[in-house]
Number of protein chains: 2
Amino acid sequence: MNRRNTPSKEAILDLLSGSKKALSQDAIERQLDIEINRATIYRVLNRFCEDDIVHKIVAEDGKQYFAICKKCDDPSEVFQHHFHFRCLSCDTIECLQVPVEYSVPNGYEVQNANCVLTGVCDDCS
Amino acid sequence: MNRRNTPSKEAILDLLSGSKKALSQDAIERQLDIEINRATIYRVLNRFCEDDIVHKIVAEDGKQYFAICKKCDDPSEVFQHHFHFRCLSCDTIECLQVPVEYSVPNGYEVQNANCVLTGVCDDCS
DNA sequence: ATTTTATTGCGAATATGTTGCAATAATACG
DNA sequence: CGTATTATTGCAACATATTCGCAATAAAAT
């Protein structure tokens, strides 16, 4: 199951790399220069997630957003899990450099954290 | 826009009150004694949310879950926002008595927090 | 008893995400 | 290079969650 380099993969990776925001499938499709099928975009994104190149956030709107967030995924930084901020005004989601801290009851094992704060960002307020 | 008391409303409220878990529309429909239309269930739940009787959580599966969580909504308790735990094994979501703590950059205004930890709960491990 | 209008059920619409399948194309290998 | 292998793509269809319009029903107010 070796990965191959394709125009789709490159284009989506470039877009995400250059974006400061987490993007949804439709946002990606809109912002791309080339045309890529919806299903393909999802497949590429899911592959990125499997390979831990990208992380996925699900917002309150129930939609999936994808972000690269180099700083956050930097192994030298300790926090894998960070808060995300969804601005209701400009309808974007960004990774905050704010680690998610929590405790859980005994016997609970946490595998993932999906944390989204919603409100109005600085640009919009 | 005054609210009216109806069998649907009561049944759903009773169910949520008696449940220790956050429930999705289909879980509610399944657990109800009486039959209530899907759209109606959503409408009742959304009204509850508007009236702050119930809070909504959106999990990574993109689905909405509703919980009453008296303890958490108790005004004497300071934390309105708390973590939720989704167990992948028993496929339930529960409110944890763990407050969500965070800071945001200057100028950001937070209106809501949707935080879900995913993993395996004590019962299932 | 009657009026007002919130609520309901139904069907249809919308939106998001996934999947099967055949066609295409990236890579490996002679 | 030329060919074989198989990952990737596009398309259409599917699945699921949620919402919406509309007419019918039934709380509540008078």
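Worth saying up front: this structure is predicted, and the values here are computed from it rather than measured. A note on names: the letters A, B, ... follow the listed sequences, proteins ahead of strands, and every chain is numbered from 1.
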Using a heavy-atom cut-off of under 4.0 Å over every strand shown, decide if A/Asp26 touches base, sugar-phosphate, or nothing. nothing

Phosphate OP1/OP2 of D/dT18: any B/Tyr42 side-chain N/O under 4.0 Å: yes

Side-chain contact check for B/Ala39: nearest option of C/dT7, D/dT8, C/dG11 is C/dG11

May I have the distance from B/Glu60 (atom CD) to D/dT16 (atom C1'), rounded to whole angstrom? 18 Å

Mind running ring-ring contact (aromatic ring centres under 6.0 Å, His included) on A/Phe48 and A/Phe66 for me, showing each step along the way? CA-CA 9 Å; A/Phe48 284 160; A/Phe66 301 84; 9.2 Å; no

Take B/Asn2 and B/Asp61, find for each the nucleotide of DNA chain D with the closest heavy atom, and name the residue whose nucleotide sits nearer the 5' end. B/Asp61

Whole angstrom value for the distance that separates P of D/dC11 from CD of A/Glu29: 11 Å

Round to the nearest Å and state the distance from A/Asn37 atom CG to D/dA7 atom P. 20 Å

Look at the side-chain N and O atoms of A/Thr6 and state whether any lies under 4.0 Å from the OP1 or OP2 oxygen of C/dA26. no

Once you measure the plane-to-plane angle for B/His55 and B/His84, does it fall in the parallel (<30°), tilted (30-60°) or perpendicular (>60°) bin? tilted

Whole-Å distance, A/Lys63 NZ to C/dA15 C1', equals 9 Å

Using a cut-off of 6.0 Å, state whether more than 12 heavy atoms not belonging to A/Asp33 lie near its atom CG. no

Which is true for A/Ser24 with a 4.0 Å heavy-atom rule: it touches a base, it touches only sugar-phosphate, or it touches nothing? nothing

For atom CG of B/Leu32 and atom C1' of C/dT8, their distance in whole Å: 15 Å

What nucleotide, of C/dA26, D/dG10, D/dA28, holds the atom closest to the side chain of A/Thr40? D/dG10

Please evaluate the base of C/dG11 for a donor-acceptor partner in the side chain of B/Arg38 within a cut-off of under 3.5 Å? no

Both B/Ile36 and A/Arg3 contact DNA chain C. Which one's nearest nucleotide lies toward the 5' end? B/Ile36

Between C/dG9 atom C1' and B/Ile12 atom CD1, what is the distance in whole Å? 13 Å

Remember a base hit wins even if backbone is also touched, and classify A/Asn46 as base, sugar-phosphate or nothing at under 4.0 Å, heavy atoms. sugar-phosphate

Give B/Gln64 one of three labels, base, sugar-phosphate or nothing, depending on what nucleic acid heavy atoms sit under 4.0 Å from its own. sugar-phosphate

Is the number of heavy atoms from other residues, nucleotides or ligands under 6.0 Å of A/Gln111 CD greater than 12? yes

Rounded interatomic separation in angstrom, taking CD from A/Glu35 and C1' from D/dC11: 13 Å

Measuring from B/Thr118:OG1 to B/Ile93:CD1, what's the distance to the nearest 0.5 Å? 7.5 Å

Side chain to side chain contact (heavy atoms under 4.5 Å, CB included) evaluation trace for B/Arg86 with B/Ile57: CA-CA 11 Å; B/Arg86 173 157 176 250; B/Ile57 313 112; over 6 Å; no

Atom-to-atom span, CD1 of A/Ile41 to P of C/dG17 - whole angstrom: 11 Å

Taking atom types as they are modelled, would you say the side chain of B/Arg4 forms a donor-acceptor pair with the base of C/dT5 within the 3.5 Å cutoff? yes

Any N or O donor-acceptor pair linking the side chain of A/Arg43 to the base of D/dG10 at under 3.5 Å? yes

